[in-house]
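Beneath this line is the structure, given in structure tokens, with notes to follow.
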There are 4 protein chains.
Amino acid sequence: MPPSTAPRSWKEKQRQEREALILQTAEEVFCEKGYHETSIDEIAARVGIAKGTVYLHFPSKEDLLVALFRRDTEQVISEVEAIASSPGCSAREKLEAILHLLYGELFKKRTRLFYSIYNSPEMRVLLEKKKEMGDHWGQLTHCLEELLAEGQAAGEFDPELPTSVMLSLFLNLVSVRGYERLVGQEGLAPAEVARYLARIYFKGIAAEHKPSC
Amino acid sequence: MPPSTAPRSWKEKQRQEREALILQTAEEVFCEKGYHETSIDEIAARVGIAKGTVYLHFPSKEDLLVALFRRDTEQVISEVEAIASSPGCSAREKLEAILHLLYGELFKKRTRLFYSIYNSPEMRVLLEKKKEMGDHWGQLTHCLEELLAEGQAAGEFDPELPTSVMLSLFLNLVSVRGYERLVGQEGLAPAEVARYLARIYFKGIAAEHKPSC
Amino acid sequence: MPPSTAPRSWKEKQRQEREALILQTAEEVFCEKGYHETSIDEIAARVGIAKGTVYLHFPSKEDLLVALFRRDTEQVISEVEAIASSPGCSAREKLEAILHLLYGELFKKRTRLFYSIYNSPEMRVLLEKKKEMGDHWGQLTHCLEELLAEGQAAGEFDPELPTSVMLSLFLNLVSVRGYERLVGQEGLAPAEVARYLARIYFKGIAAEHKPSC
Amino acid sequence: MPPSTAPRSWKEKQRQEREALILQTAEEVFCEKGYHETSIDEIAARVGIAKGTVYLHFPSKEDLLVALFRRDTEQVISEVEAIASSPGCSAREKLEAILHLLYGELFKKRTRLFYSIYNSPEMRVLLEKKKEMGDHWGQLTHCLEELLAEGQAAGEFDPELPTSVMLSLFLNLVSVRGYERLVGQEGLAPAEVARYLARIYFKGIAAEHKPSC
DNA sequence: TATGAATGAGAGTTCATTCAT
DNA sequence: CATGAATGAACTCTCATTCAT
């Protein structure tokens, strides 16, 4: 029980918890009202702290967005890579697991903003200013592209399809708009939607049946 | 030969042309820099008119966005409905034509913003404030949904799939992000991409082969 | 009477007058309360315009200060150079005229800030950031230094004194603090003070009397 | 051997040393960056203590400035008065000693700020708010004025010159701007500069030679 | 009708100051 | 005593909107 590290780690813990809370709240408000329509004042008010305290953790509003993007990206990437590197699974099984992960699990909590970011010129401009994203996003797409190529090589997926097209469509399986329509309005279960999407997608990219007969 | 309507219609024509030019320019800048990062001043400057003149056509910046959304939606809807109501085509053929329309034709000029709008909380909030979109968008999705249901009824598409899921995925076939990656970076032709996407999609939702043989 | 230049020049005139008024007011308030204690709001209020209007003329508060410095410096320099280049006068006569100019004329209106600027670390830091002053100030001191050297060469001033010391002291003859004490509190006339200062200064730097008798 | 005062005096000594260190550091930073551009945080960081500790010694940032002013003023006054009251010297000798004191000794360490203070509206406003300075400054000028009057009465200095003008110019002999130019840039020794300044000044205010022949 | 100078509400950001630890 | 996280008033600057010309 080191008395010198205990207080430091306690303070540090406090600090990180508050930081996470600010991020969480910011994501919520950004999603509800959009980045520009949200004032730092409102985020602070919802967290229950003063405006200045937000600046103790994030040097600017833009950095708050960047931190959010990073947080979500890292979370997603680590989970996706864990799945991608799990042994004894076919490419299809891995991709299906990733789809379920993205669709089911993450949507409940965070990452809604994450998906909106690249779709909106608004956000893209901001993040490009900060030179974030490129690498993170590239990491993720690279990982998925390899799985798809792997599946094609293994004869699971149609080898005539450009991998990039398959990738692009895979990324578009998961969308906030679709989620809200299907899960929010129609009342379907996330897992169910993911299953249907997987069914369509993998059937669509499947290799032709060997004319064995 | 009504002498009073002739000048009026000429004036009116001038007016509409200028309005269209403002809209076109606004769409360009909004796409480049995002709605909030764009000032009315910049739009006016690019058009070559004064700031005040923009307000002669559109009562507010938000209304400019709404008009843009309406313009694109109406254009898309009318073309889509034309295709949908063309006789002698199967549902699949119609949907494929629509996909090509959306992907190939429109992307060259406008509608980039159109796709970004619903994906971004930023924009959605603005348009909801103005109570636009609901109807227009609903009209479009309704039209597509009917085609899909029609195809299921005709035995073209898998009847076990919820139409709403098919619709959602169809809408996600077309994305700005995908377009930029595939056409902009990879150098694929829009029509080629659309063909691949159609191939995957329709194979994915196809009804099972009747074991007729 | 060109109708095309008239409106432009009228607008331009309006603009310049307003700009001058803002500068004048800013100088007053800066002198009264100091640069940092003065808010743009207060300047605008005193001029009787809105805050934004100030920014139509000066891109930032710092630029307002720079413009002020430039305005005063240019005015002083041009007048000083006019005196310095007037023919048929001895160096002493010219310097005396300059002293009277600085002391008497300018103090009534502007340039109070001007003298404070280099004396205060506060201001110096700001202006150095904007890379202004160096040249202007150098121009002025160079002009004076030449006059002093000229006087030494002509046998008017003591050649043993370093010109730079003479220059430094000449510049210090004129000070806001001294002005306020002598003119403001003691009630002396500016011209009278200048005469006394000149008497002391020129006697102090005079060349030794040739023991001609 | 009072056991209660010993620790108190030790504590007190500690306290005063720290206070002096804060003052010294504050003067340095104020001189470098200006009062308003300096944050309490920076002062504390340079001293190596926490921000709050500064407030244990000085109730506000303004009070820090006031304390600085008072410290320098008192130091100067006591030394000046010591010189002024030294017996067996002429007024000129005393004033010359004072000039050397001000110019040579003090400039090496502190008092740079001290001279800037009255020259800048920025600072003057602050100190006037706190109603400091008047007395201290008055004490100093009064002392000098008496010496000058004494010199005039003794026939050393020109009796026709208003004492206040002589005083004002004497105060202006010493300036930060001049010091930096002559000592900092030109490389002259402080004592040398002071000698030249004294030579000019006292020659300038000297009483006319009695036409004894 | 077109203009663009003027407006002023509102946002992001800073930092002197406080106080629980 | 010392600390430094938290505070929030105040400031600079932006830009959608208006309106006299």
Side-chain angles (χ1 to χ4, degrees), chain A residues 7 10-12 14-15 18-19 35-45 47-64, chain B residues 11 14-15 18 35-45 47-64, chain C residues 7 10-12 14-15 18-19 35-45 47-64, chain D residues 11 14-15 18 35-45 47-64:
Chain A
W10 184 80
K11 281 253 185 182
E12 188 57 26
Q14 281 283 92
R15 188 191 153 71
R18 174 155 288 195
E19 200 160 299
Y35 175 78
H36 286 93
E37 311 291 331
T38 301
S39 70
I40 295 285
D41 254 322
E42 171 151 10
I43 295 171
V47 177
I49 57 179
K51 190 170 19 174
T53 308
V54 175
Y55 283 89
L56 247 42
H57 294 266
F58 304 95
S60 77
K61 195 186 176 188
E62 279 189 4
D63 285 288
L64 192 49
Chain B
K11 283 256 184 179
Q14 281 285 91
R15 188 190 156 72
R18 172 159 289 189
Y35 174 79
H36 286 94
E37 314 289 336
T38 301
S39 68
I40 295 284
D41 253 321
E42 171 151 12
I43 295 171
V47 176
I49 58 178
K51 191 170 20 175
T53 309
V54 175
Y55 282 87
L56 254 35
H57 293 267
F58 304 96
S60 78
K61 194 186 177 189
E62 279 186 4
D63 286 289
L64 193 50
Chain C
W10 184 81
K11 282 254 185 180
E12 188 57 27
Q14 281 284 90
R15 188 192 154 72
R18 174 154 289 193
E19 201 161 299
Y35 175 78
H36 286 93
E37 311 291 330
T38 301
S39 69
I40 295 285
D41 257 322
E42 171 151 13
I43 295 171
V47 177
I49 58 179
K51 187 176 18 175
T53 308
V54 175
Y55 284 90
L56 247 41
H57 293 267
F58 304 96
S60 76
K61 195 184 176 187
E62 279 189 3
D63 285 287
L64 192 50
Chain D
K11 283 257 185 180
Q14 281 285 92
R15 187 190 155 74
R18 171 160 291 190
Y35 174 78
H36 286 94
E37 314 289 335
T38 301
S39 67
I40 296 285
D41 252 322
E42 171 150 11
I43 296 170
V47 176
I49 58 178
K51 191 170 18 174
T53 308
V54 175
Y55 282 86
L56 254 36
H57 293 266
F58 305 95
S60 78
K61 194 184 176 188
E62 279 186 4
D63 286 289
L64 192 50

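Quick note: numbers below take in every heavy atom, side chains included, and nothing from hydrogens, waters or symmetry partners. Naming: A, B, ... by sequence-line order, numbering from 1 per chain.
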Original post:
Nearest-Å distance, CG (C:D41) to C1' (E:dG8)?
Top reply: 9 Å

Original post:
Rounded to the nearest Å, what distance is computed from the CD atom of residue A:E42 to the P atom of nucleotide E:dT13?
Top reply: 16 Å

**OP:** Please tell me which of B:G52 and D:E62 maps to the more 5' nucleotide of DNA chain E, matching each residue to the nucleotide holding its nearest heavy atom.
**Re:** B:G52

Original post:
What are the two closest heavy atoms between C:K61 and C:Y35, and how far apart are they?
Top reply: NZ-O, 3.0 Å

Subject >> Integer-rounded Å distance: E:dT13 P and A:L64 CG >> reply: 10 Å

**OP:** Would you mind reading off the distance between A:Y55 atom OH and F:dA10 atom P, rounded to a whole angstrom?
**Re:** 18 Å

**OP:** Check whether any side-chain heavy atom of C:I49 sits under 4.5 Å from a side-chain heavy atom of C:R18, and report yes or no.
**Re:** yes

Original post:
Hey, does A:I49 reach any base, or is it just sugar-phosphate, or nothing, if we go heavy atoms under 4.0 Å?
Top reply: sugar-phosphate

Original post:
Which atoms form the tightest heavy-atom contact between C:D63 and C:F58, and what is the distance?
Top reply: O-CD2, 4.3 Å

Subject >> Side-chain N or O of B:R18 closer than 4.0 Å to phosphate OP1/OP2 of E:dA2 >> reply: yes

Subject >> C:V54 and C:V47, any side-chain heavy atoms less than 4.5 Å apart >> reply: no

Original post:
Considering heavy-atom distances to DNA chain E, does C:R15 or D:Y35 have its closest nucleotide positioned more toward the 5' end?
Top reply: C:R15

Original post:
What nucleic acid atoms does A:K51 come within less than 4.0 Å of, heavy atoms only: base, sugar-phosphate, or nothing?
Top reply: base

Original post:
Between C:R15 and C:H57, what is the shortest heavy-atom contact and its length?
Top reply: O-CE1, 3.6 Å

Original post:
Would one find a side-chain N or O of B:T53 under 4.0 angstrom from OP1 or OP2 of E:dT3?
Top reply: yes

Subject >> Partner nucleotide, any strand, of E:dA20 [Watson-Crick/G-U, under 3.5 Å] >> reply: F:dT3

**OP:** Provide, to the nearest angstrom, the distance between the NE2 atom belonging to C:H57 and the P atom belonging to E:dA5.
**Re:** 9 Å

Subject >> Listed nucleotide nearest any side-chain atom of B:A50, set F:dG4, E:dT3, F:dC13 >> reply: E:dT3

Original post:
Roughly, in whole Å, what's the span from CD in A:Q14 to C1' in E:dA20?
Top reply: 12 Å

**OP:** Select base, sugar-phosphate, or nothing to describe what D:S39 touches, counting heavy atoms under 4.0 Å on all strands.
**Re:** sugar-phosphate

Subject >> Value in whole Å for how far the C1' atom of F:dA16 lies from NE2 of B:H36 >> reply: 11 Å

Subject >> Spacing between C:L56 atom CG and E:dG8 atom P, to the nearest angstrom >> reply: 13 Å

**OP:** Would you indicate what A:I40 reaches in the nucleic acid, counting non-hydrogen atoms under 4.0 angstrom: base, sugar-phosphate, or nothing?
**Re:** sugar-phosphate

